[in-house]
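This report refers to the structure that appears directly beneath it.
For reference, positions follow the sequence shown, starting with 1. In each ligand, atom 1 is the first atom listed, and ligand 1 is the first ligand listed.
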Amino acid sequence: MHRLFLVVILAFALTACAQEKNGYQGQHGDHHEHNDHQSDQKADVQAIWNFAAKEPKSHIAEELTIEIQDNQGKPIENFKMNHEKKMHLIVVSKDLSRYQHLHPEYMDKGIFKVQTNFPSGGDYKLIADFIPEDHQPKTQTHWVHVAGEQPAAEAIEPETMLTKTVEGKEVTLTFDKLQAGEEVTMNWFIKDANTKEPIMNLEQYLGAVGHVVILSADTDQYLHTHPVEERAKGPDAKFETVFPASGTYKLWGEFKHHGEVFIVPFTIEVP
Ligand SMILES: [Cu+2]
């Protein structure tokens with residue numbers, strides 16, 4: 001319980017730190033000047049983000065390289081498997097309307113590579129989630145501007161009805177008690193949208209009943225969640241998390257049924 005809370009706090013600290021670094025790199029184009037953070041013991045890893053293209057464009061495959069280093073610029077070479085992958089990469093537009101969950105491939109010497117394919121132009125936040133051997137879970141983030149046609153930003157409005165149909169599934173999200181700073185258990189209840197029958201045979205997706213990613217509306221807070229029962233098969237999928245502050249958050253639940261992954265987004269207000 002306490003460990004979960006610490007992870008969330010650590011993720012914050014790292015996110016804030018990474019943003020500062022990214023801004024710094026953006027201005028100076030120098031990936032090696034990080035002395036400003038060496039005194040901060042939490043900033044014990046850093047990520048260097050590079051697209052093969054000078055300016056990535058939407059609707060085409062763009063190669064992204066992410067190098068994970070310690071704070072001296074030495075590659076970190078060993079990573080723990082976490083939900084069957086060495087790195088999870090969340091790609092989200094600034095208005096949170098477009099979301100992708102990718103798995104960069106580990107090459108060697110701390111270097112991960114992935115093909116991105118942005119669904120539109122605009123600003124995107126990239127969030128890499130990984131666990132170096134002998135470290136706590138880490139989060140590193142990066143903003144990128146993508147060239148291409150950009151639809152008007154969508155408002156991030158909390159939904160009052162937390163039931164929706166996505167790809168033939170009717171999904172209802174409930175919370176035991178929704179309160180910032182408290183451990184919250186959420187339940188995703190999944191029915192077949194046509195027959196209204198509860199789905200009892202969800203497949204394991206990345207070693208669990210599903211995955212839930214949560215971001216605050218300003219994208220600053222990336223929350224980790226843990227399935228209460230990893231091997232559950234539905235119709236209930238329960239996860240625990242702690243919302244660190246009151247405000248608007250977007251959640252994406254990812255589940256697998258009949259070999260297909262479906263992603264269900266909800267926007268909520270946390271008191
Ligand atoms: Cu993942």
### Message
Once rounded to the nearest 0.5 Å, what's the spacing between atom NZ of Lys250 and atom OG of Ser216?
### Response
13.0 Å
### Message
Using the rule side chain to side chain donor-acceptor pair (under 3.5 Å), only one of Glu149, His59, Arg98 pairs with Ser120; which is it?
### Response
Arg98
### Task
Among residues two or more places apart or on two chains, list those pairs meeting salt bridge (charged side-chain N to carboxylate O under 4.0 Å, His left out) that have a residue in residues 103-112.
none
### Query
What residues form a side-chain hydrogen bond (donor to acceptor under 3.5 Å, both in side chains) with Asp129, not counting sequence neighbours?
Tyr222
### Task
Kindly say whether Phe118 contributes a backbone atom to a donor-acceptor pair with the side chain of Thr116 at under 3.5 angstrom?
no
### Message
Taking 2.8 Å as the limit, list every protein N, O or S atom around the Cu ion (ligand 1), by chain and residue number.
### Response
His88 ND1, His101 NE2, His103 NE2
Under 3.5 Å, sequence neighbours excluded: what are the donor-acceptor pairs made by side chains of residues 256-266?
unit_1 : atom_1 : unit_2 : atom_2 : d
His257 : NE2    : Asn201 : OD1    : 2.8

